[in-house]
Amino acid sequence: MKLLRLTINEEFRSLHKGFTINFHQMTKKGMSLMEEFQPFCFAGLNGSGKSNVLEALASIFYHLEFCVAKYHPDNFNFRREVSKPDAFELEYLIGEKEHTEYKISNLNKVLITKEIGGIPQMTVEKVNSEDKGTTFPLNPAETDNQIVGQSYLPDIVIGYSSGENEILSLPFLKSRLVNFDEYVETFYSKAVFNEPQSSLIYVDEEMSQAVLLAALIFEDDDTLEPLRDELGIIGLRSFRIHLNNHGLTFPKDGNTGDYRIPILGHIDDEIKKLKQCSTSWFEFKDENVSDFYDFKTIIIDFFIDEEGNTQKIFKEYFKSSFELFRFFQTLYELNFNVVNEGIKKDVYQSTGVYTKNKISIPAPNDQVFRFQNLKNRRRTTSKRIAIA
């Protein structure tokens, strides 16, 4: 995806009504540059509005994501007619799902407009086409023949902050909670769960480990060149996955009481894939875990040999680094099993910045999933120079 333009048509934090930023131009030169890697960087004084632009984009993509989502959890309190900012225009280029080659000629130009109190409208047209395109409201598709707005939204929207920015991270936190609730709902209803429905991913310390592992297992030397040249990381040596198979409580049919099932049971086939890729694994009942969590702990160890055999096995069971990462993402989001419904409701309905410390970091025994003992192979010398 390539962002073209963002216009805010109401006051949003420090951004005035009518604020417009052009990311890329649809000129001959601009389109030629978009064939290459062209990141857009903000530079400016503190308070000039750099973070507000990112916050607006995060909030907008969050709103668009759940305009087309079929699943909304209880207490979500989501309305397609209300967003922050509540009036905007967003224009970008995005590829066709069936095309793997990145060419401007394969892209669609998407314009999304929202007026105050209205449902976002999406207009889609082919690049360089004289056709005016097709315009439709962003609602969940009811039939297979209906144009699905989700097809023209990005697969992944990644957020990151080197410091604390709760306004920026709030849409991503809500998305994580929704993904967990959807997992539980599909488990209870015996529906299929393939991957998290939301495209929003916040790369914090834990998610960074998942990105690094998936990349080191799957990606080639050219992709990993910055890690090798700048950090001296030449490969992965070993790591451990620790899984506490906590219990989920579901109501029985006919109001005959509750029953408990292991939280990992919904993705048991994927856990088996990890075991097939591992060097060794074992299960045991951890006496340090409280009786409430009454299912076994699973330890899966991986030694990555220098000949690349472990990577080959991973590639037999997982299609890509992205698929492996999304599975790690699902496992991380199961750690929200400790969040009670009251706190979850507060976060879902929050429109401000007062969610800090509402969701505390769970203790190791309360986590469903965590990485341990991650060790990399490093060269003895590095190009980096330490400055005292």
Quick one: side chains of residues 312-322, donor-acceptor pairs under 3.5 Å with protein atoms, not counting sequence neighbours, listed by atom name and distance.
unit_1 : atom_1 : unit_2 : atom_2 : d
S320   : OG     : F322   : N      : 3.4
S320   : OG     : E323   : N      : 3.1
S321   : OG     : E219   : OE2    : 2.5

Review point. For P120, what residues pass the side-chain contact (heavy atoms from CB on, under 4.5 Å) criterion, not counting sequence neighbours?
Key: H63, L64, C67, I112, K114, L138
Review point. Which residues satisfy the salt bridge (Lys or Arg N to Asp or Glu O under 4.0 Å) test with K275, sequence neighbours excluded?
Key: E283
Practice item. Check salt bridge (Lys or Arg N to Asp or Glu O under 4.0 Å) between D222 and all other residues, then give those that pass, not counting sequence neighbours. Key: none
Review point. Between S238 and I304, which heavy-atom pair has the shortest distance, and what is it?
Key: N-CG1, 4.4 Å
Point to revise | ILVMFWY network linking L224 to L231, side-chain heavy atoms under 4.5 angstrom | key: yes
Check your understanding: Roughly how far, to the nearest 0.5 Å, is the NZ atom of K109 from the CD1 atom of I94?
Key -> 15.0 Å
Check your understanding: Under 6.0 Å between ring centres, would you say that holds for Y332 and F328?
Key -> no
Check your understanding: For the ring pair H266 and Y183, is the centre-to-centre distance below 6.0 Å?
Key -> yes
Review point. Hey, quick one: are L111 and V124 part of the same hydrophobic cluster, counting side-chain heavy atoms closer than 4.5 Å, chains of contacts allowed?
Key: no
Point to revise | Contact summary for L213 and F239, nearest pair of heavy atoms | key: CD2-CD2, 3.6 Å
Exercise for review: Identify the heavy atoms of N335 and V368 that sit nearest to each other, and give their distance.
Suggested key: OD1-N, 2.7 Å
Revision key, fill the gap. In terms of heavy-atom contacts, F12 and N52 come closest through CE2-O, 3.5 Å
Review point. Would you say the side chains of D155 and S199 form a donor-acceptor pair under 3.5 Å?
Key: no
Practice item. Check whether V157 and V203 end up in the same hydrophobic cluster, where Ile, Leu, Val, Met, Phe, Trp and Tyr are linked by side-chain heavy atoms less than 4.5 Å apart. Key: yes
**Study point:** same_hphob_cluster(F61, L54) at 4.5 Å side-chain heavy-atom cutoff
**Key:** yes
Study note, to complete from the structure: What one should report as the nearest heavy-atom pair of N22 and F40 is O-CE1, 3.8 Å
Point to revise | Under the ring pair (Phe, Tyr, Trp, His ring centres under 6.0 Å) test, residues paired with Y348 that sit two or more places apart | key: F76
Point to revise | Side chain H246, main chain N365, donor-acceptor under 3.5 Å | key: yes
Review point. Checking E11 side chain against K17 main chain: does a donor-acceptor pair fall under 3.5 Å?
Key: yes
Point to revise | Which residues share a salt bridge (Lys or Arg N to Asp or Glu O under 4.0 Å) with E307, sequence neighbours left out | key: none
Check your understanding: Closest heavy-atom contact between N337 and G247?
Key -> ND2-O, 3.9 Å
Revision key, fill the gap. Taken in chain and number order and not counting sequence neighbours, the residues that satisfy salt bridge (Lys or Arg N to Asp or Glu O under 4.0 Å) with R326 are E195
Point to revise | N/O donor-acceptor pair under 3.5 Å between S83 side chain and I60 backbone | key: no
**Study point:** From CD (E270) to CG (L264), nearest 0.5 Å
**Key:** 12.0 Å
Check your understanding: Applying salt bridge (Lys or Arg N to Asp or Glu O under 4.0 Å), which residue pairs with at least one partner in residues 237-247 are found, sequence neighbours left out?
Key -> R240-D301
Practice item. Could you name each residue pair satisfying salt bridge (Lys or Arg N to Asp or Glu O under 4.0 Å) that touches residues 199-208, not counting sequence neighbours? Key: R176-D204
Check your understanding: In terms of hydrophobic clusters joined by side-chain contacts under 4.5 Å, are F193 and I271 together?
Key -> yes
Practice item. Please work out which of the three classes, parallel, tilted or perpendicular, describes the rings of F78 and H72, given edges at 30° and 60°. Key: perpendicular
Check your understanding: Would you say the ring centroid of Y202 lies under 6.0 angstrom from that of F172?
Key -> yes
Check your understanding: side-chain hydrogen bond (donor to acceptor under 3.5 Å, both in side chains) between E182 and N179: does it pass, once the steps are laid out?
Key -> CA-CA 5 Å; E182 184 189 20; N179 290 339; over 6 Å; no
Practice item. Kindly write out the residues that satisfy side chain to side chain donor-acceptor pair (under 3.5 Å) with K344, not counting sequence neighbours, or none if the list is empty. Key: D181, E341
Point to revise | SB check D269 K273 (cutoff 4.0 Å) | key: no
**Study point:** Non-neighbouring partners of R79 that pass side-chain contact (heavy atoms from CB on, under 4.5 Å), sequence neighbours left out
**Key:** E81, V82
**Study point:** Pairwise salt bridge (Lys or Arg N to Asp or Glu O under 4.0 Å) hits with a residue in residues 57-66, at least two apart
**Key:** none
